[in-house]
Amino acid sequence: MTFAILNGKLIERNQAKMDIEDRGYQFGDGVYEVIRVYNGKMFTLQEHLERFERSTKSIGVSLPYTMDQLKSLLLELVEKNNLRLGIIYMQITRGVAPRNHAFPEENVEPTLVAYTREMPRPKDELQTGVKTILTEDIRWLRCDIKSLNLLGNILAKQKAVEHGCFEAIQHRGQNVTEGSSSNIFMVKNGIVITHESNHMILKGITKDVILGLCSASGIPVNERAFTLKELAEADEVFLSSTVAEVMPIIEVEGKVVGNGEPGPITRKIQELFVNEIEKQCGAL
Ligand SMILES: *Cc1c(COP(=O)(O)O)cnc(C)c1O
């Protein structure tokens, strides 16, 4: 039997049903997290919980659970589902109320949902690298919120898939922002460059782990927007996300990056990242 969390309770997954007037369903009025589980242990759990709390605050939803309650609920979920290698998906919405754009007047209880899925590491892609396309970033200007409103991201990703690519690299005018569900890094002359974490991108937890590992290992980092021209002339390019980890990019819009193989700094960061996973969750 597989379990899910619905409003603070562990229930059978196929018993977890939503009301048709849940604001998440009607408006995408909520936020979410995806947390990696390796060896039955949650990676960077604290960081995900903190971002979840920040996201809820930024849309004026108050979390009806303490961080400790949430943590033990997720622990119980992973244990009950016997999840070894996979993800937890967790979302909270503003709750169920008669449809109206404005927040419900009465105190409506937010809807919290979490469930797990088995998911292998993308081992082949991590080895060979992946192809990407470019697409204009048509999203709103609060991309720092991990919102359920993902139409812009979905359209970008679908375009990538239709071109046989793993990810779409979004840009606002000449500036590269991020992927549809990942952060983008380039390397030039030994320096790692990635967009600063402001309202234009989602502050990835994987991104922050990478930046920490770089600074601890003396790999220079420059957190700033870079242009399409810089991207086209990059020595190495990679993306990061909870699910994709540190993923080498070997092609951008049909143009080969470097010599077409994952570069040495990308490889080094991959190695550091795997060490960090193993430190927190045990041998992979
Ligand atoms: C979740 C997400 C990321 C990656 O964040 P991680 O915390 O590393 O998984 C990057 N960009 C967008 C738009 C996202 O939704």
Side-chain angles (χ1 to χ4, degrees), residues 24 28 30-38 42-56 58-59 74 86-92 114 116-117 119 121-122 125-126 130 132 134-160 166-172 175-186 192 194-214 221 223 225 237-249 266 269-270 272-274 276-277 280-281:
V31 296
Y32 75 103
E33 281 296 325
V34 178
I35 304 168
R36 250 296 184 193
V37 173
Y38 301 101
M42 291 177 270
F43 181 63
T44 55
L45 172 62
Q46 194 59 32
E47 289 85 345
H48 282 279
L49 289 176
E50 281 166 14
R51 184 172 68 189
F52 193 56
E53 193 178 31
R54 273 205 311 279
S55 295
T56 57
S58 69
I59 64 164
L74 295 180
I87 56 140
I88 301 170
Y89 178 82
M90 169 167 69
Q91 73 167 46
I92 192 165
T116 63
R117 261 179 58 194
M119 194 181 287
R121 299 181 61 221
E125 289 93 339
L126 288 171
V130 296
T132 60
L134 295 171
T135 194
E136 183 70 36
D137 192 338
I138 57 167
R139 301 172 303 160
W140 70 333
L141 295 174
R142 287 304 307 274
C143 293
D144 54 318
I145 302 171
K146 208 158 174 71
S147 157
L148 295 180
N149 280 279
L150 290 173
L151 267 179
N153 311 60
I154 286 167
L155 295 177
K157 180 72 169 205
Q158 181 59 24
K159 184 175 161 193
F166 182 86
E167 179 61 300
I169 299 177
Q170 301 176 98
H171 57 92
R172 284 197 197 262
N175 279 349
V176 172
T177 51
E178 64 175 333
S180 72
S181 58
S182 61
N183 294 114
I184 304 291
F185 298 70
M186 61 164 275
V192 174
T194 188
H195 200 290
E196 69 264 42
S197 292
N198 59 15
H199 63 287
M200 305 292 253
I201 66 161
L202 195 280
K203 184 174 162 67
I205 285 160
T206 319
K207 176 192 184 211
D208 279 353
V209 169
I210 290 168
L211 295 184
L213 292 170
C214 284
V221 173
E223 234 187 318
V237 183
F238 61 93
L239 62 81
S240 76
S241 78
T242 292
V243 167
E245 300 179 5
V246 180
M247 181 64 75
I249 293 174
T266 306
I269 294 171
Q270 282 186 312
L272 295 168
F273 191 76
V274 166
E276 183 61 30
I277 294 172
Q280 290 189 29
C281 305

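Atoms within each ligand, like the ligands themselves, are counted from 1 in listed order. Keep in mind that this is a model prediction, so the values were computed, not measured.
- Put simply, the side chain of Thr135 never gets that close to the backbone of Gln170: no donor and acceptor are under 3.5 Å apart.
- Qualifying side chain to side chain donor-acceptor pair (under 3.5 Å) partners for Thr56, counting only residues two or more places apart in sequence or in other chains: none.
- Evaluation of the salt bridge (charged side-chain N to carboxylate O under 4.0 Å, His left out) rule for Arg117 yields no partner, not counting sequence neighbours.
- Sorted by chain then number, the residues whose non-hydrogen atoms approach ligand 1 to under 4.0 Å are Tyr32, Arg51, Arg139, Lys146, Asn153, Glu178, Ser180, Ser181, Ser182, Asn183, Leu202, Gly204, Ile205, Thr206, Ser241, Thr242.
- For Ser240, the side chain to side chain donor-acceptor pair (under 3.5 Å) criterion is met by no residue, not counting sequence neighbours.
- In terms of modelled atom types and a separation under 3.5 Å, the side chain of Glu178 and the main chain of Leu202 share a donor-acceptor contact.
- The main-chain N or O of Gln270 is never found under 3.5 Å from a side-chain atom of Glu245 such that the two would form a donor-acceptor pair.
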